Amino acid sequence: MMSEFLNMGGYAAYVWPSYGLAAVVLWLNWYLPRRQHEQLLLRLKRQHRDTGEQKHDPRS
Amino acid sequence: MFLWFHKLGSPPHFYRIAGRWIPWLLAIFAVLLLSGLYGGLFVAPPDYQQGESYRIIFIHVPSAWMSLFIYVVMAFCGVVVLVWRMKLAEVVLISSAPIGASFTFLALATGSLWGKPMWGTWWVWDARLTSELILLFLYLGVIGLHNAIDDKRIASRAVAILAIVGVVNIPIIHYSVEWWHSLHQGPTVTKFDKPSIHLSMLIPLLLMALAFKVYYVLTLFQSSRAELLKRERNSKWVEELSRGQ
Amino acid sequence: MTPARKKRLALIGLMLIGIAVGLTFALRALDENIMFFFTPTEVVDGKAPQNRLFRMGGLVVAGSVSRPGDGLTAQFDISDNDKQVTVKYTGILPDLFREGQGIIANGKLGEDGIFVAQEVLAKHDENYMPPEVAEAMKKTHETATGAN
């Protein structure tokens, strides 16, 4: 039953790469901007801390 | 309405609203994606001619639709950028480009994986495939041009012109299969007649299309926030944002 | 809208119209090159290129597929419901190749009027349905045409 499903009527070599490729591409499009955003926020925080005159950061 | 539009157009306001919407959009996307995949992979029967191989349709067709849709959004933003000089439109335009390029790539790649077993070839230079490939180059051109110009406000205007010029390719892609003999078949769903696809296959197809649309808004919000922060890093609201919390 | 904005909007409009008109003429001039294939009628009428590779597309005529000789070479007729051309092809046919199916063959037209293909591609239609539905539709179609 399961192997029959995975076999895709003999077209597994075409169907599953399509789905896999879509998963990878969609995940990258979501993850990369998110990471960029987080790093940017972190950098800005550090920058503003270094210039002084700001409230105490609990994590420092 | 105009006031609402104007308010949403202000970068700090958009930044906040988009951040609040992301978790909800993520949840809606997950529900649509899972039901679409379930309907497409488990419920939908095999095709009378193509057997199981046609299941690539649930990735291929929504990707192709999104590749056209996102380009139209970009061209529309381009008009807003050139005429109204709106900052948010600049950000939406450039943030859309990588997502659009990804969907175009997916449409081409899955089409290739579908074409090999069914047509007997990975690629042919017919009107539909060629015009879709040109679309990929247009997206890459937008990304490259934006990266090449350091002043992002000038870069945005250059990119806006390219996005608007390229929009003439969109009707060519859509009608290519009707205007010229091509290997690619005619439209299935987007024709005036009744869609020529069985309901049990149409429902998951539309679910996947909807899921991809929500995904676009979701990732657009995500990358627009990053782009906004980058562009406005010297502004007051970003300073307040990074000091707060 | 301010006059400056109106002017910019008009400029964009003009630019788009200009590009669209230019492109229309360019595509019309290139029409023959964009056409992916010729129909059998065009081939019979001598509109297809001579002594050079070209593609021909049409439906495989039911009952015309045969394998004369070694069994590796397939011979069949392609029709556009008007005229038909015989095709010879040696090689592996795509999964969708069957009688009544639309196909595109790339090759040369021989002196004897037989099209010698180097490549055969299957063109599928835009219909998707379960096998049972296709079967049922075929039956109703047969009874409908049988009654006429």
Side-chain angles (χ1 to χ4, degrees), chain A, chain B residues 19 22 26 29 33 37 40-42 46-47 50-60 62-63 95 98-99 101-103 105-106 109-118 208 211-212 215-216 218-230 233-234 238-245:
Chain A
M1 176 61 208
M2 194 61 199
S3 65
E4 194 184 306
F5 171 72
L6 288 177
N7 187 38
M8 274 290 145
Y11 292 114
Y14 303 102
V15 174
W16 295 123
S18 296
Y19 280 80
L21 206 59
V24 170
V25 169
L26 294 197
W27 186 78
L28 279 178
N29 262 316
W30 159 256
Y31 176 71
L32 291 180
R34 192 176 179 83
R35 203 185 57 175
Q36 194 196 10
H37 182 231
E38 273 164 9
Q39 284 174 347
L40 205 60
L41 262 182
L42 217 65
R43 194 149 18 105
L44 282 169
K45 263 186 198 151
R46 217 173 289 143
Q47 196 183 329
H48 285 128
R49 194 177 52 214
D50 291 345
T51 51
E53 51 161 283
Q54 117 297 351
K55 284 177 287 182
H56 178 69
D57 189 335
R59 275 173 305 174
S60 62
Chain B
I22 284 174
L26 195 60
F29 168 65
L33 181 74
L37 283 177
L41 291 175
F42 295 98
D47 180 60
Q50 305 187 39
E52 307 284 352
S53 74
Y54 92 102
R55 294 191 197 275
I56 295 174
I57 200 176
F58 301 116
I59 301 288
H60 175 73
S63 298
S95 302
I99 313 171
S102 303
F103 277 123
F105 167 74
L106 275 184
T110 56
S112 199
L113 283 165
W114 197 0
K116 183 60 188 167
M118 287 302 113
M208 288 301 279
F212 278 21
Y215 170 86
Y216 166 52
L218 177 68
T219 41
L220 177 66
F221 278 8
Q222 184 73 60
S223 46
S224 294
R225 287 183 98 213
E227 181 71 24
L228 266 180
L229 216 55
K230 203 160 45 174
R233 59 179 169 269
N234 296 321
V238 173
E239 201 184 324
E240 279 166 10
L241 183 90
S242 56
R243 290 206 170 161
Q245 291 161 18

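None of these values were measured; they are calculated from a predicted model.
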Quick one: which of B:Arg55, B:Gln222, B:Arg225, B:Lys230 has the most heavy-atom pairs under 4.5 Å with chain A, could you say?
-> B:Gln222

Shortest non-hydrogen contact between A:Val25 and B:Tyr215, atoms and distance | O-OH, 4.2 Å

Straight-line distance of B:Leu113 CG to A:Tyr19 OH, nearest 0.5 Å = 12.0 Å

What's the verdict on ring pair (Phe, Tyr, Trp, His ring centres under 6.0 Å) for B:Phe42 and A:Phe5, showing C-alpha distance, side-chain angles and the deciding distance?
-> CA-CA 9 Å; B:Phe42 295 98; A:Phe5 171 72; 4.6 Å; yes

For the student: nearest non-hydrogen atoms of A:Ala22 and B:Ile59, plus distance | CB-CG2, 3.7 Å

Could you tell me which portion of B:Ile22 (side chain, backbone, both or neither) has an atom closer than 4.5 angstrom to a non-hydrogen atom of chain A?
-> side chain

Are a donor atom and an acceptor atom from the side chains of B:Thr219 and A:Asn29 found within less than 3.5 Å of each other?
-> no

B:Leu37 versus chain A, the contacting section by heavy-atom distance below 4.5 Å | side chain

B:Met208 versus chain A, the contacting section by heavy-atom distance below 4.5 Å | neither

What part of B:Tyr54 gets closer than 4.5 Å to chain A, counting heavy atoms only: side chain, backbone, both or neither?
-> neither

Check step by step if side-chain contact (heavy atoms from CB on, under 4.5 Å) holds for A:Tyr11 and B:Gln50.
-> CA-CA 10 Å; A:Tyr11 292 114; B:Gln50 305 187 39; over 6 Å; no

Measure the spacing between CD of B:Glu52 and CG of A:Asn7 and express it to the nearest 0.5 Å.
-> 9.0 Å

Which one of B:Ser95, B:Ser112, B:Ala226, B:Ser63 has the most heavy-atom pairs closer than 4.5 Å to chain A?
-> B:Ala226

Hey, could you give me the CG/CD distance between B:Leu229 and A:Glu38, rounded to the nearest 0.5 Å?
-> 11.5 Å

Output the distance between atom CG (A:Leu26) and atom CZ (B:Phe212), rounded to the nearest 0.5 Å.
-> 5.0 Å

Nearest 0.5 Å, what's the CG-CZ distance between A:Leu44 and B:Arg233?
-> 8.5 Å

Option that, when pairs with chain B are counted at under 4.5 Å, heavy atom only, ranks first among A:Leu32, A:Leu21, A:Leu28 = A:Leu21

Just how far is it from atom OG of A:Ser18 to atom CD1 of B:Ile56, taken to the nearest 0.5 Å?
-> 3.5 Å

Among the listed options A:Arg43, A:Gln39, A:Arg34, A:His37, the residue most often paired with chain B at heavy-atom distances under 4.5 Å | A:His37

